[in-house]
Structure formats: structure tokens, C-alpha cells
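Below: one structure, written as C-alpha cells.
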Amino acid sequence: MTSHDEPEPQHGAAGEHLPEHRSDGALTPADDPFADPGLPPHEHRRQDIDERAAKRSERTVALLFTVSILATIGFIASYVAIPIDRIVYIWPFGHVSGLNFSLGLTLGLALFCIGAGAVHWARTLMSDVETPDERHPIEATPEVRAHVFAEFRKGAAESQIGRRKLVRNTMLGAVAVVPLAGVVLLRDLGPLPHDKLRHTKWKAGSLIINESTMQPLRPEDITVGSLTQAMPEGMSPHDEDFHVEIAKAAVMLVRLQPDDIKDAKSAEWGHEGILCYSKICTHIGCPATLYEQQTHHALCPCHQSTFDLSDGARVLFGPAGHALPQLRITVNDDGFLEARGDFDEPPGPSFWERG
Amino acid sequence: MSTATDAPKPAEAPRRGSKAPAGERVADWADGRLGIYGLAKANMRKIFPDHWSFLLGEICLYSFIIIILTGVYLTLFFVPSMAEVEYHGSFKPMQGIMMTEAYASALDINFDVRGGLLVRQIHHWAALIFVVGLFCHMFRVFFTGAFRKPREINWLFGFLLLVLAIFTGLTGYSLPDDGLSGIGIRFMEGAILAVPIVGTYLQMFIFGGEFPGHDIIPRFFVAHVLLLPGIMLGLVVAHLILVFYHKHTQFAGPGRTNTNVVGMPLLPVYIAKAGGFFFLVFGVIAAIAATVTINPIWVMGPYRPDQVSTDAQPDWYLGFSEGLVRMMPGLEWVIPGGYTLNFGLLVPLAVFPGLLVVIGAYPFFESWGNRDPREHHIADRPRNAPTRTAFGMAWLTAFGVTMLAGGNDVWAINFNLSINAITWFCRIGFFVLPPIAFIITRRICLGLQRRDREKVLHGRETGVIKRLPHGEFIEVHEPLPQETLHTLTAHDQLTPYEIGPETDENGVRRKVGPLERARARVSRGYYGEHGQIPKPSREEYKEITSGHEHH
């Protein structure tokens, strides 16, 4: 609170722009129309003056608590009586687990009734007289403040930290350096990247295995307009590192009319219009396998990056930053499709060293 | 409060020892060791003000407790392991399928543990409601200015709780290792890889090798059940201690001032109301969990990096980060030296914390601009702080646009819209709509202030038409009761902070830094001509009411 009577402080001093006084009820001149009239008188509830109404509230609260007890018994009974695999039809929820439905509703009722009973009790029977409580400033008084600072200075002086700089500086140095021990310990969280992200299971001569049949693919298995998901030979879901490898090596094969392929290099890397692309989206690594056969677009369902498979899988829309890598394929002597080598560039999301 | 009735009568002088009732003896025992009577004296009958919006924070507290209770139960059955096993549980469609032990044990919780499905669903629903509660509570505090001195630190505690809650949620819904949550982890991997210079190393260290490896679920598990909730529990306790220490804010009203708090005592009213509310929240969440399925992991199947389904969405509180990622156009630079900068991910990953920090740091911006060193215990009506309210609405609008973008595929499918059109709308809307929301909100607030002013000066429109002797028709305005007059005029109105003259009294140029100018500008924005409508003064009121009676 600043006062007008004080000498004018210099411009920009704190407090000048603040209201002269705040409505804390301290200033209540009799003719002030906006003065705080003070707390309104307490209005009695029905229960405060009518014992019959109070009795009714009491019974309601007791009823709620009783319902809660019964619901808990119902919960235990459901647990014992209803088999876990019982599916029941309940309108409007449809076919649901009978046990889950019954346990949940009885538990919900048991809990809710305790709450409703307590709140009803508080609202109708407990005193609802509003009373004021004084607040005290959070800030300490100037005397306390001065005392604390004096004590602190005394303590600091007694420690001699200001006087003996050598002690202070070496201590700070030691405390700053010691966390390095913890940092070093983190080294074995994982291996160094090296070129792990650049290589996949594909190598020259790898047969291309259809993911649904687990059989090697022939060119005639792949019809125009279809999309076939595949992986390199020699992988099994039972392998220890299956997920790590499939996360890089998963591919999709599409067959386009050779005339539809706009990118000459892409056509050359395929076989008779069969193109084999990494299906790991170059954005964050979801499989981008929503295929629109008329336009030859592949869409990633996670963030809608759209790739034009007829044009080297370049990005048409969405947040992906570069095209899906293409795998060079050919047909071996037995008539099976095979890879002509590993991917030319790392599949999946980009990374700093990717280039 | 009359102290006369509270004081012990001489006959009931304090008595310690064997003659006291058992309850008192236990209390004496505890007091002798813990000094609880001092605490009880200050807090047992502590006064809490009543307003529906004060319940939002309670919803957060209670859902947090529910999450901890159900979470402890789930850890009894969940196996945080990425070892591959063949499934042979009771869920028929998955027989013989290879999956991680994490997913298999999550299926067991649903199909082989009686009540396990219910507890899992309560856990997940409570988590969603917890973050909803945090948001609503945060914006209640924001729009009423309850973050002002002395509560800025408590605002920060709450803000940290929101950030931690988001990450606890992320690590939690990743644990079952189902088809959907695996996508979430894959997203994290892609995001980490995008970090310049150290991204690849970070990815290898966090995942213990290449994605997905065998370490990420056990590591997330520790973060989800120990590290993050441990910090959160500490923050919740600190938050509550500060709420007690500062005492609750209240809205202005007759008898309610900046130096008191009006309400009902903790014992018995708030113990019953708040304690009861815990059971209400728990009961409602249990009923929701019984009837509405959340995250049906058995539908998704086990995660495989080469499989995905559409409609892949994170839990709602990460919808805005998802939206930022979906909105960002693909942009990737290969800089000299052969290094890749993936702005498609870097930009959203910078905006995501940026959005949060903007709202988290707001109180400090406001107090910097206002230079108001006073304590504030009266909650503002949002209209009386138009610039703040407008800022909050602008933020919410930006948030809303990102949420829309985060579900662009769902919108596109359900409303038969072009996904590209939605994405473009969001890209533009993210920049255009928040300023529009800012302007509109400020105008609405100022309009409401004008209406309050009208009501104070001219009274309430009664709808009664009176014909004057000379034939004129007027509507009778009824003066407001003094309680309402006080309530409508109780708010503070600051004047903008001025830099002052450029030269001092001797004609020497004063140095005024650009920061100082910006500060004055901010203050003008808040309290200048266009920032507030002057509230009616006593003189204005008297002049109008003392003269003629009508209008």
C-alpha cells in the first residue's frame, strides 16, 4: 500500500502503478456504497431447525452406507460365483465379460455410496456456518529477516569459507567432478552405434520370403495391384534377434505396369515391374503399408506420410523426410525372386550420421 | 469465531496420565514423540473455502491415489520381460503365437486373473482422468490468477507434476508391448534418432542396442513404477503442504478479503466432504471401468516392428505432441560432412516442450510485467484479467489445433474428409487461430467488464416498464444490493507502469534499456486503455444515484 502523502519517489519506482488501497474491508467509511458489508448472516437449513428433516437425512446417510455394505458383499459373491470366461449380453454395452461388469459395478457402487453418504452427512447434518480465518503474510517481518541474515553471516564467517579460498575452490571442484563417476557408469547401458543401422539381413542372393506363407516368392506370385509383405530368408519369429532384424529388413513388393514406373532407376532395380521397397517408414519407423493400388501410393498409418511407389517411393505428403529405400531384386536360376544385395542406404528413420 | 467457547473450562484442565480415556492416551503418547498437538492446533479446524472449481485439484489427488493402489496390484502379475514365449493362456485366438512375456502376462491379467481386467481398466481410466484433472485444475488456477504471489512455486510443482504425469503415462501404456504400444516405443526411437550429433548414441544406450532389443520394457517398467511416481509422490506432498501453508484462495465477496479465508473447518466438514469425494471419484472410475473398455490389448496382438494397424493414437494427453508431428511438413537436410538434420521431427520435438514451458513460465512473465510485489489471495474472475484470459484461450486454441491434427486420420475417416485438407487446415490454423482467439477473448472480457460496470451504476434491468406522466416509457432499473456492489467492484485495477520522462530534472538523458521498454509495453497491454474498463468509482455511483431516480 503506497500513500499519497509520502514524498514522490523517482519515476518508475515499484508500487506507483498499484491501486491506492485494496478492498480488504479495512476502509469502510459509512458513505461508501461499495464497502464490504461483511459476512452475510448464516441461513439455517431445514435440518438445523426441523428435527424430522434431520432424522430423514440421518436415515438417508445410513441407507447409503448400508447399500455400500451390500454392494461389497455383492462384489465378493460375483468374484466367487461368476466364471472368468463368462460372456454376457447386457444392453446397451453388448457382449461383455460378466465378471468384469459385475465386479466393477458392485465395487463402484460400494465406493460411491460411501462417498455419497459422507458428503450428504456433511451437507445436511454437519454445521455449515462459515467462519473467517485470518491470513498471515508469508513474508517474514523485517526484524526476523535482519536476524536471519545476521546469523547467516555469523555462520559463514565462522566457517571461514570466504577467507580460505583454497578450501572453497577445491571443495567446489570436488563436488563438481564427483558426479562423473555416475555418468561413467552409464556407459554400458548399450553398445556404440558403429554401422549397425546401415546393415540388414539382406545380402546378394537372399530369397524373398512371403510373410504370410513363409514361402519364397516367385515373380508370378505377385500380381498387378497387390502388395506383398516379405522378409529375407533365414529368419524365424523364434530367433532371439528376430524383432531387431525385422525392424530393418521388412519389405513390401508391388507390381506395376512397367509403363507406369516413372523412375528409370527404380524400374531397373525391380524385376518386370516388381518393385521391392523397405516398408519401414522413413519418418519414425512405422510400417508404411496402406497401399492405394490405383495411384500406387503407400501411406503410413501413423503420421500419414505418403510415398509414390511408382516414382522411387518419393514423399508426396506428410512428415517423412526422404524416400523409402528400394531393394534391388532379380530372379535366380530356380525362378525365385532374390535380392541383389543389401539396401543401398539405411532403411527406417533418419539419424545424424545417415548422410 | 468466539474464543470464549473454545477455551477449556477450568474443570476440564488438561490431564495426562492413566485417568484419561484410551483415545487421549494414544494421542498423548504420539504427541510425546511427534509433537502432533502443535500440528493439530494449527490444522485440525483449518478453514477451507468452498467453490466447485476447487474440487478439480482433488480429482487429481484421488485419481493419483487410485493409480498407485491399482498399479501396485498390477505389478503382482505383470512380468516386465521382453523374452519371447509361445502363448498358452486362456485367450483362444492367441494360442501358440510368439509374444513377449510382458504381453503374455498382460493377457493373463485380463483373462486368467479374476478382477485383473477390472483393475487394469481402473488403472488406465484413472490415469486418463488424472491428466484431464491436471489440465482442468491448471487452467482453473491459470484463469483465476491463483498462481500469483505467493503461489508461483506451487504452480511450478503442479506444472512439473503435469509433465511427469505425461511421461509416466507414456512409459505405462508402452508396457503391455501390444501392437499399439510398440508403435509408441518405435516413435520414441525415431524421435531420439533425430537428435543431432548424439541421437544415435542415445538410442543405443536407451534401448540397450538396436530397436526394439530386450531392455526397453524392463527399463520403462522401472521408470513407470518407481522413478517417476516416486518423484511425483514427493511433489504431490510438497504441493499439498504449500496449499495448507498458503491457505486456499477464495473469490471476492461480502466478508471475503485478501487477509482472511472464509469457509468451513477441516474437521468435520472437509474431512467428510473431501474424504467422501475420494470415494465418489473411485466409485465413478470403477463404474466406468466396468462398462467402457479402454485399451483392449487383446485386440491389438503382440507387437511386431513390421506390423501396424490404422487409427494408431497415443493416449489423449500426448495427442498434442502427436498432432505437432503430423502437422510438420517433411523437411530433411543433409549438411556438409554428410550429417542429417531431420526437421520433420526436430521442429515438433522442440515445439512440444515449448508449448508446455510457455504455460508453465507464464506466472513469471505476468509478475515481471506487472511489478506487483503484493500477495494475492483473492481469485480473479477471468473477465477482470482480459489479457491473461485471452492468452490462456490462445494457448488452448493452439493446443486444440494440435489435438485435431493428432487425430487427423480419425477425423478424415469418420467425417469423410480429406486427410490432406485437415492437415493443411491445422498447419495454417496453428498460427492463425490463436491470435484470433486472443482478440476475441479479450473483447468478450472487456464487454463483460462493461456490463458489470453498467450493472453497478444503473442497477439490474427488472423488465418492468413504467409510463411516466408525460407519456415516456422507461424500464425500471433496480439498484444492486450492497453485497453485489461490493463483489463487482472488489477487484484491483492497476495502472500501466510508466518508464517516465526520457530526461531527468537536469535534462540529462536517462538510460532506459530495451527490456525496460518491453516491460512497460507489457504492462500497457495488461492495464492500458485497451486492457481494462475502469471500474465504477464511488463518486460516479453517487453522482448517478443521488440525482434523478430513473435509468
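Chain letters run A, B, ... following the sequence lines, proteins first, then strands; residues in each count from 1.
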Heavy-atom pairs under 4.5 Å with chain A - which of [options] has more of them than the others?
options                                : result
B:Ala289, B:Pro196, B:Gly209           : B:Pro196
B:Leu345, B:Leu331, B:Val456, B:Ile285 : B:Leu345
B:Glu322, B:Gln203, B:Gln493           : B:Glu322

Please look at [X] and chain A and tell me whether the side chain, the backbone, both or neither of the residue comes under 4.5 angstrom of a heavy atom of that chain.
X        : answer
B:Phe205 : both
B:Gln121 : side chain
B:Ile197 : both
B:Glu189 : side chain
B:Phe111 : backbone
B:Pro496 : backbone
B:Asn408 : side chain
B:Val195 : backbone
B:Ile288 : neither
B:Pro150 : side chain
B:Val334 : side chain

Notebook entry, point to check: Could you give the distance from CZ (A:Phe101) to CD1 (A:Ile87), rounded to the nearest 0.5 Å?
Noted result: 13.0 Å

Next item on the list: May I have all residue pairs that pass side chain to side chain donor-acceptor pair (under 3.5 Å) and include part of residues 98-111 of chain A, sequence neighbours excluded?
Entry: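 Residue pairs with at least one partner in residues 98-111 of chain A: A:Ser78-A:Ser102.
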
Item checked: A:Phe317 and A:His297 aromatic centres sub-6.0 Å ->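 No: the rings miss the under 6.0 Å criterion.
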
Notebook entry, point to check: Taking only residues two or more places apart in sequence, or in another chain, which ones meet A:Arg198 in a salt bridge (Lys or Arg N to Asp or Glu O under 4.0 Å)?
Noted result: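 In terms of salt bridge (Lys or Arg N to Asp or Glu O under 4.0 Å), with neighbours along the sequence ignored, A:Arg198 is linked to no residue.
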
Next item on the list: Using only the SG atoms, decide whether A:Cys302 and A:Cys286 are less than 2.5 Å apart.
Entry: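 Looking at A:Cys286 and A:Cys302, their sulfur gamma atoms lie closer than 2.5 Å, so the answer is yes.
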
Notebook entry, point to check: With respect to chain B, which residue among A:Cys300, A:Ala320, A:Gly285 yields the maximal number of heavy-atom pairs within a distance under 4.5 Å?
Noted result: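 Ranked by heavy-atom pairs under 4.5 Å with chain B, first place is A:Gly285.
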
Notebook entry, point to check: Which residue out of A:Ala250, A:Pro137, A:Gly348 racks up the most heavy-atom pairs below 4.5 Å with chain B?
Noted result: A:Pro137

Note to self: Side chains of B:His376 and B:Asp372 only: does a donor on one sit below 3.5 Å from an acceptor on the other?
What the structure shows: yes

Next item on the list: Check A:Lys196, A:Arg354, A:Glu353, A:His194 against B:Thr200 for a side-chain hydrogen bond (donor to acceptor under 3.5 Å, both in side chains) and give me the one that passes.
Entry: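 That would be A:Glu353.
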
Notebook entry, point to check: Is any NZ, NE, NH1 or NH2 atom of the basic residue among B:Glu375 and A:Arg135 found under 4.0 Å from an Asp or Glu carboxylate oxygen of the other?
Noted result: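 No, no charged N to carboxylate O under 4.0 Å.
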
Next item on the list: Check A:His283 against B:Gly344 and note the closest heavy-atom contact, atom names and distance.
Entry: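 Looking at all heavy atoms of both residues, the closest pair is NE2-O, 4.3 Å.
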
Notebook entry, point to check: Taking the inter-plane angle between the rings of B:Phe211 and B:Tyr303 on a 0 to 90° scale, is it parallel (under 30°), tilted (30 to 60°) or perpendicular (over 60°)?
Noted result: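 Ring orientation of B:Phe211 relative to B:Tyr303: perpendicular.
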
